[in-house]
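What follows is a set of notes on a single structure, which appears directly below.
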Amino acid sequence: MAGGKLKVGVLISGRGTNLQALIDACADPGFPAVIELVVSNKADAFGLKRAADAGIPTAVIDHKAYRSRAAFDAAVDETLRAAGVGFVCLAGFMRILSGDFVERWRDRLINIHPSLLPAFKGLDTHQRAIDAGVTITGCTVHFVRPAMDDGPIIVQAAVPVLPGDDADRLAARILESEHAIYPLALRLIAEGRVRMTGEKTVRRDGVPSAGALINPSPD
Ligand code: GRF
């Protein structure tokens, strides 16, 4: 490993604000991971520009050019390995990965999802949270398993739903926390501070931050 750092590949499909948060974290010389490659299945993903601006190599692997999911996933796998990647972060990657790919990268593949999993898996999470009337939602970084938005949870942030929120306002508030917890999760893993017991993660030196978030607030 170059400089002892975890060599990361990031898979994206779109604007890449979480990618940017990871890029910014990796810019700190003390951060224990380095992004070796950004792969997008969409040639017009804005995240590709973010990577290029940071001097990070990029690859476009268009899923429409492959006859099957397995063939597309094999191309992604090969590209990551050829770049020397040892750990993968999904950051707004809008393709479901096959069980084969997920097993190959087991415990070396993480995702960020804009809800407090296991609540609100899938798409349209913010509107569904509003429709359900929850007062607290949030975001989750988790290891990827074959089922969608499933797998051992690494870090979560709780975010309040506020009066008058629509999906966009809520999404923007959650996104701020996503940008905090994705680099945190990657750092904890790269520093060996997350260990698995069965299908749960345990922080080696873990203390939860602060107190509970209560919404509406008691006062
Ligand atoms: C984020 O909300 C992330 O949680 C979800 O997809 C969105 C990607 O946003 N998986 P960005 O491309 O990182 O800005």
Side-chain angles (χ1 to χ4, degrees), residues 8-27 33 35 37-54 56 58-63 73 76 87-97 101-102 105 109-132 134 136-162 165-189:
V8 174
V10 184
L11 305 192
I12 63 165
S13 298
R15 62 189 175 177
T17 66
N18 278 290
L19 165 66
Q20 187 68 56
L22 295 174
I23 290 172
D24 293 347
C26 289
I35 303 174
L37 181 69
V38 171
V39 177
S40 174
N41 66 312
K42 299 215 169 198
D44 62 354
F46 186 71
L48 289 169
K49 182 178 178 330
R50 297 179 188 272
D53 287 351
I56 298 168
T58 61
V60 175
I61 306 178
D62 181 356
H63 59 280
D73 287 2
V76 173
F87 193 90
V88 177
C89 295
L90 306 181
F93 183 64
M94 299 305 285
R95 303 293 303 167
I96 291 176
L97 292 161
F101 183 97
V102 171
W105 290 89
L109 174 62
I110 63 175
N111 181 45
I112 185 153
H113 182 77
S115 75
L116 286 176
L117 290 174
F120 305 119
K121 296 181 177 185
L123 297 175
D124 210 16
T125 50
H126 309 101
Q127 189 59 51
R128 286 193 289 132
I130 290 169
D131 291 347
V134 299
I136 295 173
T137 178
C139 47
T140 303
V141 181
H142 64 99
F143 284 107
V144 175
R145 293 293 182 260
M148 190 179 57
D149 298 325
D150 187 42
I153 289 165
I154 305 160
V155 184
Q156 294 187 302
V159 177
V161 181
L162 298 181
D165 267 356
D166 59 16
D168 287 346
R169 273 186 59 178
L170 180 57
R173 189 175 313 115
I174 292 174
L175 200 57
E176 280 182 36
S177 290
E178 294 186 40
H179 299 161
I181 68 168
Y182 214 176
L184 169 62
L186 183 58
R187 182 164 64 78
L188 293 175
I189 292 165

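Both counts, for ligands and for their atoms, begin at 1 and track the order of listing.
- When hydrogens are left out, the protein atom nearest atom 1 (C) of ligand 1 is Glu178 OE1, 3.1 Å; that is the closest non-hydrogen contact.
- Annotation: Leu123, atom CG; neighbour count of heavy atoms from other residues, nucleotides and ligands within 6.0 Å does not exceed 12.
- One finds no salt bridge joining Asp73 and Arg95 here, because no Lys/Arg side-chain nitrogen approaches an Asp/Glu carboxylate oxygen to under 4.0 Å.
- Residue contacts with ligand 1: Leu19 is placed with no nitrogen or oxygen under 3.5 Å of a nitrogen or oxygen of the ligand (distance criterion only).
- Close contacts of ligand 1 with Gly16, meaning ligand atoms under 4.0 Å from a residue heavy atom, involve 11 (P), 12 (O), 13 (O), 14 (O).
- Judged by distance alone, with hydrogens and angles left aside, the side-chain atoms of Gln156 form a donor-acceptor pair with the main-chain N or O of Leu117 at under 3.5 Å.
- The closest protein non-hydrogen atom to atom 9 (O) of ligand 1 is Arg15 NH2, 3.2 Å.
- Looking only at heavy atoms of the protein, atom 6 (O) of ligand 1 is closest to Gly92 CA, 3.6 Å.
- Checked by atom type and distance alone, the side chain of Thr140 pairs as donor or acceptor with a backbone atom of Ser115 at under 3.5 Å.
- The closest protein non-hydrogen atom to atom 10 (N) of ligand 1 is Ile112 O, 2.9 Å.
- Residue pairs meeting the side-chain hydrogen bond (donor to acceptor under 3.5 Å, both in side chains) criterion with at least one partner in residues 118-130, sequence neighbours excluded, are Gln127-Asp131.
- Considering only residues two or more places apart in sequence or on other chains, Arg15 meets the salt bridge (charged side-chain N to carboxylate O under 4.0 Å, His left out) condition with none of them.
- Polar contact check, Asn111 against ligand 1: no nitrogen or oxygen pair lies under 3.5 Å apart.
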